[in-house]
Number of protein chains: 2
Amino acid sequence: MEKRINISIIEDDYVIRNGIEVYFQTQELFNEIYSFESVESFFETVEKEKLIVDVVLTDIGLPGMSGIEGIKLIKEKLKITDIIMLTVFKDENRIFKSICAGATGYLLKGTPFPEITEAIKIIRLGGSYMSPAIARKVIEYFNPPKQKNESELSSRERQIIQALVDGLSYKMIGDRLSISIDTVRFHIKNIYLKLQVNSKTEVISKSLKGEI
Amino acid sequence: MEKRINISIIEDDYVIRNGIEVYFQTQELFNEIYSFESVESFFETVEKEKLIVDVVLTDIGLPGMSGIEGIKLIKEKLKITDIIMLTVFKDENRIFKSICAGATGYLLKGTPFPEITEAIKIIRLGGSYMSPAIARKVIEYFNPPKQKNESELSSRERQIIQALVDGLSYKMIGDRLSISIDTVRFHIKNIYLKLQVNSKTEVISKSLKGEI
DNA sequence: ATCAAACCCACATGTTGATGTAGTTACTTA
DNA sequence: TAAGTAACTACATCAACATGTGGGTTTGAT
């Protein structure tokens with residue numbers, strides 16, 4: 001790692017912020033270490049003093065703008081692409097919002113400082129790093145836990161699924177199968193129960209992915 | 001880590017297989033260490049000798065059945081849920097196929113043995129572990145880098161398509177991407193124009209058939 | 001006879017999807 | 001400067017969807 005980096009910490013908890021800052025000061029990896037207690041103050045100072053920041057390590061629960069909301073601004077206005085979340089939140093909503101907004105790392109609070117430093121190095125080298133529990137949730141997004149046994153689907157239900165996949169509306173399905181639109185709805189409701197989904201989109205997606 | 005584990009290596013390259021095996025023998029983490037050069041021989045022996053295997057570490061490019069194809073069988077027939085890929089392949093197709101098939105780890109060849117061991121521990125504790133370059137690709141699934149129009153679709157449009165394929169409603173898409181539902185509708189309308197389709201179903205179908 | 005499963009049907013209501021219209025901002029380019 | 005591009009937002013309208021409620025018939029098993 002030849003090039004030393006400028007890092008900015010955004011964390012409202014003083015003890016944590018100071019702890020990280022002090023530790024980072026012992027590391028040769030870092031050239032400049034900035035720290036702020038909110039996204040707003042980060043922006044104010046970075047823009048006023050024209051600071052060069054390579055990596056942002058940010059909390060999510062912050063006064064004012066959340067860390068997630070800050071990602072978009074940081075990327076657009078400052079062209080900083082290495083943004084790492086450091087947070088207590090491990091819910092899927094925040095994980096995926098952060099990642100979709102462009103975070104390249106997601107660490108849970110309590111991660112040892114050497115591991116945080118290692119994650120920053122990895123990200124600087126073009127990789128990504130997630131705390132293991134986060135990585136598991138991301139992976140499970142692609143392989144959700146097992147469903148109710150789809151073989152419980154009746155013959156009629158399978159016909160209806162195929163028609164959905166073919167792009168037919170309820171009305172057209174009724175025409176094709178010579179049943180009323182209400183009967184189509186009736187079957188679809190049962191399909192949703194059995195597959196534990198809530199929309200025809202999910203049925204279609206599952207079917208085309210071979211999960212049914 | 002109180003409980004020592006039984007691990008099985010499936011790797012056709014003798015040097016690599018033997019190297020890992022010898023190293024694992026120096027680790028207290030492992031109770032039994034099995035190794036095979038193919039999925040078929042793995043199955044034959046595990047079933048014949050009724051071996052208990054906790055974790056499978058498998059290559060992808062194997063003689064006969066590929067490691068990816070093996071995941072499904074290993075999960076269904078042997079109820080083994082901790083399957084880690086160790087492979088040279090870093091293409092998205094194989095990454096996502098492996099993960100969708102149920103792999104809970106994905107390591108690139110060349111990963112130092114101590115790191116492999118660490119990954120196994122993490123996975124055993126309920127987390128997941130990916131080599132950094134793999135983690136980056138997984139993250140980029142949710143936030144594709146901007147591309148100079150190889151296709152007509154913008155980066156945002158591609159994000160939205162991905163979300164449609166994942167079965168999200170407009171409202172949920174807006175929530176995830178932090179935009180309004182009307183903006184979602186706006187993008188979807190443009191997607192329909194560009195793809196010359198009239199419904200989500202057609203978009204999903206095209207996407208899953210690889211036509212987008 | 002009763003029950004469960006499968007299939008069928010109707011009505012009611014609120015939500016979501018599809019489409020059209022209008023507007024804004026920021027940036028780039030001719 | 002104007003035009004183009006990308007992303008964003010809102011409103012309006014109607015069709016389609018999702019869900020709840022109520023009812024029916026047939027078949028097979030108990």
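Labels below follow one simple rule: chain letters A, B, ... track the order of the sequence lines, proteins then strands, and each chain is numbered from 1.
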Problem set entry | Toward the 5' end of DNA chain D, by each residue's nearest nucleotide, Thr201(A) or Lys72(A) | Lys72(A)
Problem set entry | Between dG20(C) (P) and Tyr192(B) (OH): distance, integer Å | 13 Å
Exercise. Is there a donor and acceptor pair closer than 3.5 Å between the side chain of Asp182(A) and the base of dC11(C)?
Worked result: yes
Problem set entry | Ile160(A) CD1 to dC8(C) C1', straight-line distance once rounded to whole Å | 11 Å
Problem set entry | Closest to the Lys171(B) side chain, choosing from dT16(C), dA7(D), dC8(C) | dT16(C)
For this session: Select one nucleotide: of dC9(C), dT19(D), dC8(D), the one nearest the side-chain heavy atoms of Arg185(A).
Result: dT19(D)
For this session: Give one of base, sugar-phosphate or nothing for Thr183(B), where a contact means two heavy atoms less than 4.0 Å apart.
Result: base
For this session: Report the nucleotide, chosen from dT19(D), dA7(D), dC8(C), that has the shortest atom-to-atom distance to any side-chain atom of Phe186(B).
Result: dA7(D)
For this session: Measure from CD1 on Ile181(A) to C1' on dT19(D) and round the result to the nearest Å.
Result: 14 Å
Problem set entry | Of the listed nucleotides dC7(C), dT9(D), dT19(C), the one nearest the side chain of Ser154(A) | dC7(C)
Problem set entry | d(CD, Glu157(B); P, dC8(D)) in whole Å | 10 Å
For this session: Check every atom of dT19(C), dT19(D), dT9(D) against the side chain of Asn198(A) and return the nucleotide holding the closest atom.
Result: dT19(D)
Problem set entry | Non-hydrogen side-chain atoms of Leu57(A) and Phe24(A) separated by less than 4.5 Å | yes
Problem set entry | Set of residues satisfying side chain to side chain donor-acceptor pair (under 3.5 Å) with respect to Gln159(B), sequence neighbours excluded | Arg156(B)
Exercise. Quick one: is Ser180(B) getting a side-chain N or O under 4.0 Å of the dA10(D) phosphate, OP1 or OP2?
Worked result: yes
Exercise. Rounding to a whole Å, what distance do you find between Lys189(B):NZ and dA22(C):C1'?
Worked result: 10 Å
Problem set entry | Separation of atom CD1 in Ile191(B) from atom C1' in dT19(C), rounded to whole Å | 15 Å
For this session: Establish, with yes or no, whether the OP1 or OP2 oxygen of dT15(C) is under 4.0 angstrom from a side-chain nitrogen or oxygen of Ser169(B).
Result: no
For this session: For Leu168(B) and dG17(C), give me the distance from atom CG to atom C1', rounded to whole Å.
Result: 15 Å
Seminar exercise, completed: Separation of dA6(C) atom C1' from Leu177(A) atom CG, nearest Å, is 15 Å
Seminar exercise, completed: Against the side chain of Lys194(A), the closest entry in dA6(C), dC9(C), dT21(C) is dA6(C)
For this session: Could you check if a side-chain atom of Ile188(A) sits within less than 4.5 angstrom of a side-chain atom of Leu164(A), using non-hydrogen atoms only?
Result: yes
Exercise. Which listed nucleotide (dT19(D), dC9(C), dC8(D)) is nearest to the side chain of Arg156(B)?
Worked result: dC8(D)
Problem set entry | Heavy-atom side-chain contact between Phe43(A) and Ile74(A) under 4.5 Å | yes
Exercise. Below 3.5 Å, does any donor atom in the side chain of Lys200(B) face an acceptor in the base of dG17(C), or the other way round?
Worked result: no
Exercise. Would you call the rings of Phe142(B) and Phe142(A) parallel, tilted or perpendicular, where under 30° means parallel and over 60° means perpendicular?
Worked result: tilted
For this session: For Ser199(A) and for His187(B), locate the closest nucleotide of DNA chain D by heavy-atom distance; then report the residue assigned to the nucleotide nearer the 5' terminus.
Result: His187(B)
Problem set entry | Separation between CG of Leu177(A) and CD1 of Ile160(A), rounded to the nearest 0.5 Å | 5.5 Å
